[in-house]
Amino acid sequence: MGSFDINRLLTSGQAGGRTIFNEMTGQGIYDKGAAQLRNVSFGAGAMTATANLDIDASGGLSGRVAAEVKTSAQTLRAKDRKSTRLNSS
């Protein structure tokens, strides 16, 4: 995900960066420049996440992401409701 690094947010509390994932599943609808993404699941090593997102035709992003990072010592969880503008670069 290009606007924030979920793993870094969970482990250090810092936002920014990108989430690189190995697998992603879900359903999407694209119509007239807008997209709806539902029941999205993705994983990257110890991190798993689910999301429901809406992207409007002008690049506005809103939705909910729930993520979890499991290590041998602990499990970190976060839920975030996002509303932002996507950068086209």
Side-chain angles (χ1 to χ4, degrees):
M1 297 185 69
S3 298
F4 56 97
D5 183 337
I6 295 171
N7 195 30
R8 181 167 51 169
L9 181 64
L10 285 172
T11 57
S12 71
Q14 297 178 6
R18 292 185 162 203
T19 300
I20 305 298
F21 51 88
N22 302 327
E23 180 180 351
M24 180 173 146
T25 61
Q27 295 86 39
I29 298 172
Y30 182 82
D31 184 35
K32 299 177 185 168
Q36 294 179 343
L37 304 172
R38 298 290 180 261
N39 302 316
V40 177
S41 297
F42 49 99
M47 192 268 309
T48 58
T50 59
N52 287 300
L53 302 168
D54 294 304
I55 304 168
D56 65 34
S58 63
L61 171 73
S62 62
R64 184 176 178 151
V65 176
E68 179 176 277
V69 175
K70 289 185 181 181
T71 67
S72 59
Q74 64 183 337
T75 299
L76 304 170
R77 292 184 179 92
K79 291 183 181 177
D80 193 14
R81 191 170 293 273
K82 278 287 184 202
S83 181
T84 189
R85 175 120 348 251
L86 296 175
N87 188 344
S88 61
S89 60

- How far apart are the closest heavy atoms of Asp56 and Gly60, and which atoms are they? OD1-N, 2.7 Å
- Message: Show me the pairs that pass side-chain hydrogen bond (donor to acceptor under 3.5 Å, both in side chains) and involve residues 33-43, at least two apart or across chains.
- Response: Gln27-Asn39, Arg38-Asp54
- Stepwise side-chain contact (heavy atoms from CB on, under 4.5 Å) test for Leu53 and Val65: CA-CA 8 Å; Leu53 302 168; Val65 176; 4.2 Å; yes
- Note on the structure: On a heavy-atom basis, the closest approach of Ala67 and Met47 is CB-SD, 4.5 Å
- Query: Which distance, rounded to the nearest 0.5 Å, do you find between the OG1 of Thr25 and the CZ of Phe42?
  - Reply: 10.0 Å
